[in-house]
Amino acid sequence: PASPAERLKKNRQQARTHKMIQIHETDITTLSVDAIVNAANETLLGGGGVDGAIHRAAGPKLLDHCRGLGGCRTGSARITPGFALPARFVIHTVGPVWKGGQSGEAEQLRSCYLESFRLAEESRIKSIAFPAISTGVYGYPSIEAASIATQTMLEHESDFDVIIACCFSAADVTVYETALGRKPPAPSN
Ligand code: AR6
């Protein structure tokens with residue numbers, strides 16, 4: 001029989017290769033992770049959706065801090081403290097507005113995830129949660145967006161203890177499960 005140390009090593013190896021991308025259906029502001037990602041706009045001065053929820057939960061110091069950043073281009077990201085949030089950091093990224101798919105939206109959305117991961121690695125962040133960037137007010141189709149999100153997550157899986165795809169609806173959970181191949185796609189009739 002394997003020794004406890006061997007079992008632990010095996011579990012760790014399995015943990016590294018399996019399900020380090022977790023899908024949660026929750027309010028991202030409640031997550032106790034090193035960093036949560038915000039789907040912001042270019043001003044970085046707050047807004048509706050997940051951005052509004054993050055600013056409310058973080059408190060006014062977040063807005064004060066963001067005022068000093070001078071905004072952020074679409075596809076880029078900035079990191080700030082989490083202030084009153086349980087998360088230590090917020091990574092603010094600006095997703096593309098969906099204009100039909102022929103305006104570089106996919107590359108910009110991919111860049112949001114890559115830039116967020118880059119900043120996270122620079123700050124030695126080991127646990128990170130992403131909302132479904134651009135799929136609310138900005139109108140990006142959920143299935144296409146989840147395909148880009150999960151692809152970048154799989155590319156960075158080995159650099160983190162956990163990556164959370166934070167969904168705000170049961171429908172989005174199914175979309176992410178399908179994108180990660182954990183559920184067969186629903187029949188399209
Ligand atoms: N936790 C997790 N996910 C959430 C939460 C929450 N508390 N609230 C909403 N979502 P959106 P966008 C989901 O509109 O499309 C803002 O005004 C939501 O259901 O927040 O990138 C900014 O300031 C959806 O799945 O972001 C920008 O102006 C996802 O988060 C603009 O909206 C993204 O929806 C950005 O639009």
Side-chain angles (χ1 to χ4, degrees), residues 1-40 50 53-54 56-59 61-62 65 77-93 95 109-135 142-186:
S3 71
E6 281 165 349
R7 274 205 309 270
L8 187 63
K9 191 174 164 213
K10 188 148 178 268
N11 285 347
R12 288 215 178 108
Q13 274 167 355
Q14 280 176 347
R16 215 167 287 138
T17 48
H18 287 290
K19 306 261 155 94
M20 294 324 296
I21 300 171
Q22 298 178 0
I23 302 166
H24 291 218
E25 185 186 346
T26 191
D27 175 348
I28 202 167
T29 65
T30 64
L31 293 175
S32 298
V33 285
D34 292 338
I36 60 171
V37 176
N38 182 17
V50 70
I54 287 173
R56 275 193 302 280
K61 284 182 183 166
L62 178 59
H65 188 101
R78 298 284 182 275
I79 188 164
T80 72
F83 298 102
L85 286 163
R88 265 202 305 143
F89 295 99
V90 179
I91 295 173
H92 308 259
T93 188
L109 186 61
R110 182 171 160 80
S111 171
C112 288
Y113 286 92
L114 296 182
E115 287 297 297
S116 298
F117 278 124
R118 192 177 61 75
L119 291 181
E121 283 168 21
E122 265 179 26
S123 295
R124 307 269 186 278
I125 282 161
K126 285 291 169 191
S127 54
I128 184 167
F130 287 87
I133 300 163
S134 278
T135 67
S142 296
I143 295 173
E144 283 84 341
S147 154
I148 291 170
T150 54
Q151 213 181 326
T152 66
M153 289 173 185
L154 288 164
E155 287 162 14
H156 292 82
E157 202 176 12
S158 57
D159 303 324
F160 292 84
D161 292 337
V162 64
I163 299 171
I164 297 174
C166 182
C167 298
F168 213 46
S169 69
D172 261 0
V173 170
T174 303
V175 166
Y176 274 85
E177 283 177 340
T178 306
L180 286 167
R182 295 178 189 170
K183 200 174 187 157

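Considering all non-hydrogen atoms of both residues, Ala39 and Ile133 come closest at CB-CA, 4.2 Å. Across Thr152 and Arg110, no two heavy atoms sit closer than the pair CG2-NH1, 3.5 Å. In terms of heavy atoms, Arg7 sits closest to Ala2 at NH1-O, 3.4 Å. Nearest heavy-atom pair, Pro86 versus Ser32, reported as atom, atom and distance to 0.1 Å: CB-OG, 3.6 Å. Looking at every heavy atom in both residues, Gly82 comes nearest to Val90 through CA-CG2, 4.0 Å. Annotation for Ala84 and Ala57: closest pair CB-O, 3.5 Å, computed over non-hydrogen atoms.
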Can you check side-chain contact (heavy atoms from CB on, under 4.5 Å) on Glu155 and Gln151, steps first, answer last?
CA-CA 6 Å; Glu155 287 162 14; Gln151 213 181 326; 4.2 Å; yes
Can Leu85 and Ile54 be said to form a side-chain contact (heavy atoms from CB on, under 4.5 Å), step by step?
CA-CA 8 Å; Leu85 286 163; Ile54 287 173; 4.2 Å; yes
Would you please test Ser116 and Phe130 for side-chain contact (heavy atoms from CB on, under 4.5 Å) and show each step?
CA-CA 9 Å; Ser116 298; Phe130 287 87; 3.7 Å; yes
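Side-chain atoms of Glu115 do not come within 3.5 Å of backbone N or O of Cys112 as any donor-acceptor pair. In this structure, Ser123 contributes its side chain and Ala120 its backbone to no donor-acceptor pair below 3.5 Å.
Residue pairs that meet the salt bridge (Lys or Arg N to Asp or Glu O under 4.0 Å) test with at least one member in residues 143-154, sequence neighbours left out, do not exist here. Note on residues 165-177: pairs passing salt bridge (Lys or Arg N to Asp or Glu O under 4.0 Å), not counting sequence neighbours, are Glu177-Lys183. Judged as a salt bridge (Lys or Arg N to Asp or Glu O under 4.0 Å), the pairs with a partner in residues 119-128 (not counting sequence neighbours) are, in order, Arg118-Glu122. Applying the ring-ring contact (aromatic ring centres under 6.0 Å, His included) rule to pairs touching residues 144-179 yields Phe117-His156, Phe117-Phe160, sequence neighbours excluded. Legend: side-chain hydrogen bond (donor to acceptor under 3.5 Å, both in side chains) pairs involving residues 77-93, not counting sequence neighbours, sorted by first then second residue: Asn38-His92, Thr80-His92.
A distance of 11.5 Å separates CD of Gln22 from CG of Leu180, quoted to the nearest 0.5 Å. For the atom pair CD1 of Ile128 and CD1 of Ile164, the computed distance is 10.0 Å after rounding to the nearest 0.5 Å. Between atom CD of residue Glu25 and atom OG of residue Ser169 there is a gap of 6.5 Å, rounded to the nearest 0.5 Å. Rounding to the nearest 0.5 Å places CE of Met20 at 12.0 Å from CG of Asp159. The CD1 atom of Ile23 lies 8.5 Å from the OG1 atom of Thr150; values are rounded to the nearest 0.5 Å. The distance from atom CD1 of Ile79 to atom CD1 of Ile91, rounded to the nearest 0.5 Å, is 4.0 Å.
Around atom CD1 of Ile143, no more than 12 heavy atoms belonging to other residues, nucleotides or ligands sit under 6.0 Å away.
Evaluation of the side-chain hydrogen bond (donor to acceptor under 3.5 Å, both in side chains) rule for Thr174 yields no partner, not counting sequence neighbours.
Proximity of Pro81 to His65: side-chain heavy atoms (C-beta onward) are separated by under 4.5 Å at one or more points.
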